[in-house]
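Worksheet: one structure, shown below.
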Amino acid sequence: MHFKNLFSHFLGTVLLSTSVKSYLSAKSLPKMDFESITAKNNEARSFNSPASAKIAIDNVRVFNGHDIGPATTVVIDGAIIGDNTTGAKQINAKWATLIPGLIDSHCHPSNITHLQDLSRFGVTTCFTMACFETQMCKSLKGHTGLADILTTTAPASASGSAHGIITAMIDPSLLIHNDSQVPA
Ligand SMILES: *[C@@H]1O[C@H](CO)[C@@H](O)[C@H](O)[C@H]1NC(C)=O
Ligand SMILES: *[C@@H]1O[C@H](CO)[C@@H](O)[C@H](O)[C@H]1NC(C)=O
Ligand SMILES: *[C@@H]1O[C@H](CO)[C@@H](O)[C@H](O)[C@H]1NC(C)=O
């Protein structure tokens, strides 16, 4: 099972099961090759180019935060959103609804496919709520046209807790054993 799936699976399980700790100890986390994933992610950056084509989306209903309006045309020209259709590539939205990009406040992407999936589902910003490998997390940032990633560092986990078991599989030194370690 992949790291990302493993995490969502665990987080769901934590809420449902009291036997989560024995379940987790019985499994061992598959080792991720952070180095090659990081290299591949960084390499992918050079394939991206800023969207340059001017696009006119026809027959689209815009959600403005309160209401969904009647069908209209929205023109996207680089950083400018307007209504000047001259020279634009036309796309017929067929009365689909245009909404602002979604924010996923808890995700664990590790590669470009995950960023593409997020983007495809309309997520333009996502917060990774735990990062155990700084370089890998950084390698997911700044990919033009894909979801924007904001990342934390490793979470504080107590030894023996559900998250503590996951953390210890990665790096036992990340665990907090007593109050005196909390400030650090
Ligand atoms: C619309 O865009 C075209 C091409 O960029 C430009 O020449 C024209 O002046 C624009 N029209 C208006 C009303 O701004
Ligand atoms: C990313 O990881 C998924 C497994 O979660 C895998 O299916 C996919 O091929 C990977 N993508 C890349 C670009 O390595
Ligand atoms: C806290 O835990 C650490 C790591 O196990 C240990 O080195 C340290 O002595 C402990 N401190 C106290 C006050 O128990």
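First listed ligand is number 1; within each ligand, the first listed atom is number 1.
Residue pairs meeting the side-chain hydrogen bond (donor to acceptor under 3.5 Å, both in side chains) criterion with at least one member in residues 62-74, sequence neighbours excluded, are Asp58-Thr73.
Hydrophobic side-chain contacts under 4.5 Å tie Ile91 into a cluster, directly or through other members, with Ile55, Ile57, Val60, Val62, Val74, Ile76, Ile81, Leu98.
Here the side chains of Asn84 and Asp77 are not in contact, with every heavy-atom distance at 4.5 Å or above.
Of the possible donor and acceptor atoms, one in the side chain of Arg45 sits under 3.5 Å from a partner among the backbone N and O of Lys141.
At a heavy-atom cutoff of 4.0 Å, ligand 2 is contacted by no atom of Ile112, backbone or side chain.
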Steps toward side chain to side chain contact (heavy atoms under 4.5 Å, CB included) verdict (Thr153, Thr134): CA-CA 7 Å; Thr153 56; Thr134 315; 5.8 Å; no
Under 3.5 Å, which donor-acceptor pairs link side chains of residues 123-133 to any protein atom two or more places apart or in another chain?
unit_1 : atom_1 : unit_2 : atom_2 : d
Thr128 : OG1    : Thr151 : OG1    : 2.7
Glu133 : OE1    : Gln135 : N      : 3.3
Glu133 : OE1    : Met136 : N      : 3.0

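Residue-level contacts of ligand 3 at the 4.0 Å heavy-atom threshold are His177, Asn178, Ser180, Gln181.
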